[in-house]
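Reviewing the structure listed below.
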Amino acid sequence: MMMNDVVKSSELSELFFDFNTLIHSAKVNDLCRKKKCDFTRNRNMNFYSIIYYFIFRNRTTTNAELTHFYSSIDRFEKRISKQALNKAIRKLNPNVFTYLINQFASIYYSTSLPKKYRDHLLIAEDGTYMEIPYNLLNINEFQFALGSHVRDMFDVKKVQSKAGGLYDVTNGLFIDFSLKQAPYSETPLAFEHLYRTKEVLENQKVIYLADRNYGSAEIISHLEDLRYSYVIRGKSNFYKKQVASMESDDEWIEVEIDEKWLKRFRFSPEAKKLRKENPTLRIRVIKREYRYTDNKNKEHCENLIYFTNLSSESFTTAEIMEIYSRRWDIEVSYKTMKTTQEVERHISSDGDVARNDIYAKVLFHNIAGVIRKEMNQELENRHTPDTKEYVTNITQLQAIIHDTNFLYCFMFGLKERIKEKIDNITKHLNKIKVPVRPNRHFQRWGRIMKSPPSYRFRLDGRNNPKYRRYQSALMTVAP
């Protein structure tokens, strides 16, 4: 079988062509407007040009980006000034990008491209923080958390937005993504994503993956109402009495949801109705001991618990662990966006422009993500038990998409040229693959470095660890 037959370049080009048609549509034009008079004339930087400018933005300065953008679309003679760009981007409504992220997923699932894990989509929910340009207007708009070092807005040193996404682990794309004020809780954010993606995921078998903050009875009841399966890491204080009475490390517990408990159901009327009709919540609980040795050769043992509604007849304990481990892909996606894509490098101090910066990077991550999953499928097909497992390097793939002028073919709907670009990228698969190295332990503190880290953020979105001089090198220190 030819490699390009496996990668499905024709289906990908059809997907991108349909998405480009949507971007040029009248509905998207309407959603772009903050005022009725915005984007009514056909200017050099019209509504769809601004959308593509944001999506494919990857240069370090605005002037360099403008030169690259107009050169890429073969209209350099129409290049606008930095001041004209700044005026145009302030007109763009961020709601258009949330719509496009959702619609990209909808178009994708209508094709033959989606891959599944045992006939299920693996959907992961997680939150993070995104840095916003610092000014008083943004501090007031995005708010802040009070603490011992922050008593009022004048103590704020960094403006952040609470971000959250519902991510398809099996196919490498965000189905939904939101930016809220910094103190916003992850729980209501998760419900918003589930409601907004209900139609997109209709008639799909879904396994919902989440970390410890998402194991509440309300979320689990809502997932049952949607007929989703789930694998959620539990907190030690969740359903404490029932978990303590377990006789084995893998069994079902029953939790009675009384009227007092129902009063805490604040976000999902469907979950409340379900538990009124059937107050017994059945959860399969899996216990596991995790042992590891730190960099000082000290052994540690941590007790982990997982909640699921997948039956033991269909999914063994080991398979549940395997499914949950795939949730890590959403963490890697946040890291990629913050380091490789520099999602927090903004082109304006305006709050809405900062939102557009971030949403557009998510869209580009989706475009590269679905291509990468197709290439990973080809690498998986080549894999044999006696060879290393490989995946596509997302950093190199994104650089290739930018440097091979993918933008021109995409923006003008050149279906055959898009297919040709994907085929050419696929031919270099062996040059951009990296080995999978399982069970690696990344040493955070006491790590020796020859030079400071070139990227700014850690995997969890915070700044890289501080360091001190150690002999002729540097050593990371705990905060």
Side-chain angles (χ1 to χ4, degrees), residues 45 49-72 80-90 92 94 96-98 100-101 127-139 141-142 156-165 174 177-180 182 331-369 394-403 406-407 451-465:
M45 187 60 91
S49 297
I50 293 178
I51 289 173
Y52 278 113
Y53 178 86
F54 272 112
I55 293 174
F56 285 89
R57 186 174 67 89
N58 75 321
R59 294 300 192 263
T60 54
T61 66
T62 302
N63 278 325
E65 191 61 63
L66 282 168
T67 299
H68 176 255
F69 177 78
Y70 279 97
S71 298
S72 297
I80 63 174
S81 65
K82 187 166 64 172
Q83 291 76 12
L85 174 73
N86 189 51
K87 186 176 178 181
I89 59 179
R90 288 172 180 265
L92 192 64
V96 70
F97 281 111
T98 57
L100 288 174
I101 290 168
T128 186
Y129 285 98
M130 294 288 182
E131 194 167 333
I132 304 296
Y134 181 89
N135 60 48
L136 290 179
L137 287 175
N138 287 341
I139 292 174
E141 183 177 355
F142 290 94
V156 176
K157 305 298 182 185
K158 181 166 61 175
V159 185
Q160 290 182 314
S161 170
K162 168 67 78 172
F174 282 94
F177 193 87
S178 301
L179 292 169
K180 299 288 185 180
E331 304 279 6
V332 176
S333 293
Y334 283 139
K335 182 241 181 185
T336 301
M337 288 194 292
K338 291 183 178 185
T339 56
T340 304
Q341 294 182 246
E342 295 184 299
V343 70
E344 293 166 309
R345 178 171 57 80
H346 300 288
I347 58 176
S348 171
S349 61
D350 182 79
D352 278 348
V353 175
R355 288 185 179 94
N356 290 332
D357 286 336
I358 295 169
Y359 284 136
K361 293 287 188 180
V362 172
L363 258 178
F364 180 81
H365 187 81
N366 285 356
I367 292 167
I394 185 65
T395 301
Q396 294 184 47
L397 176 61
Q398 289 180 351
I400 289 172
I401 291 172
H402 281 299
D403 294 340
F406 205 78
L407 167 61
S451 60
S454 58
Y455 51 90
R456 185 176 178 184
F457 300 101
R458 283 202 328 237
L459 191 61
D460 58 4
R462 299 180 182 180
N463 290 330
N464 259 300

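As the structure is a prediction and not an experimental result, all values here were calculated from the model. Here, residue 1 is the first one in the sequence, and each next residue gets the next number.
- Between V96 and Y359 the shortest side-chain heavy-atom distance does not fall below 4.5 Å.
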Show the numbers, then the answer: is there a side chain to side chain contact (heavy atoms under 4.5 Å, CB included) between Y52 and F69? CA-CA 9 Å; Y52 278 113; F69 177 78; 4.3 Å; yes

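- Closest of all the heavy-atom pairs between P94 and N356 is CA-OD1, 3.0 Å.
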Go through it in stages, so that I can follow the logic: the residues are H365 and S333, the test is side-chain hydrogen bond (donor to acceptor under 3.5 Å, both in side chains), and I'd like the CA-CA distance, side-chain angles, deciding distance and then a yes or no. CA-CA 8 Å; H365 187 81; S333 293; 3.2 Å; yes

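- Separation of atoms CG (L179) and CE (M130) is listed at 7.0 Å; rounding is to 0.5 Å.
- Taking the centre of each ring, F56 and H68 stay at or above the 6.0 Å mark.
- Of all heavy-atom pairs between N135 and S349, the closest is ND2-O, 3.1 Å.
- Put simply, the side chain of N138 never gets that close to the backbone of I132: no donor and acceptor are under 3.5 Å apart.
- Taking CZ of R355 as the reference point, atom NE2 of H346 lies at 11.0 Å (rounded to 0.5 Å).
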Candidate pair V159 and E141, rule side chain to side chain contact (heavy atoms under 4.5 Å, CB included), full reasoning: CA-CA 10 Å; V159 185; E141 183 177 355; over 6 Å; no

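- Side-chain N or O atoms of S161 include one that pairs as donor or acceptor with a backbone N or O of K180 at under 3.5 Å.
- Two residues are said to be in side-chain contact when any heavy atoms from C-beta on lie closer than 4.5 Å; F142 and V156 fail this criterion.
- Atoms CG and CG, on L85 and L66 in that order, are 5.0 Å from each other to the nearest 0.5 Å.
- Inter-residue side-chain proximity for Q398 and F364 is flagged as met; some heavy-atom pair is nearer than 4.5 Å.
- To the nearest 0.5 angstrom, L363 atom CG is 9.0 Å from I51 atom CD1.
- To the nearest 0.5 Å, atoms CE (M337) and OG1 (T128) are separated by 8.0 Å.
- N366 places no side-chain N or O within 3.5 Å of a backbone atom of I101 that could act as its donor or acceptor partner.
- In this structure, E65 contributes its side chain and N58 its backbone to a donor-acceptor pair below 3.5 Å.
- Using the six-membered ring where Trp is involved, F174 and Y334 have ring planes that are tilted, between 30° and 60° apart.
- Remark: the backbone N or O of E344 is not paired with any side-chain donor or acceptor of K361 at under 3.5 angstrom.
- Put simply, the side chain of I55 reaches to within 4.5 Å of the side chain of F97, judged on heavy atoms.
- Here the straight-line distance linking atom CD of E131 with atom CZ of R345 works out to 13.5 Å at 0.5 Å rounding.
- For the pair M45/I89, no side-chain contact is recorded, criterion being any heavy-atom separation below 4.5 Å from C-beta on.
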Please evaluate residues D352 and R90 with respect to the criterion side chain to side chain contact (heavy atoms under 4.5 Å, CB included), reporting the C-alpha separation (whole Å), side-chain torsions for both, the decisive distance (0.1 Å), and the verdict. CA-CA 7 Å; D352 278 348; R90 288 172 180 265; over 6 Å; no

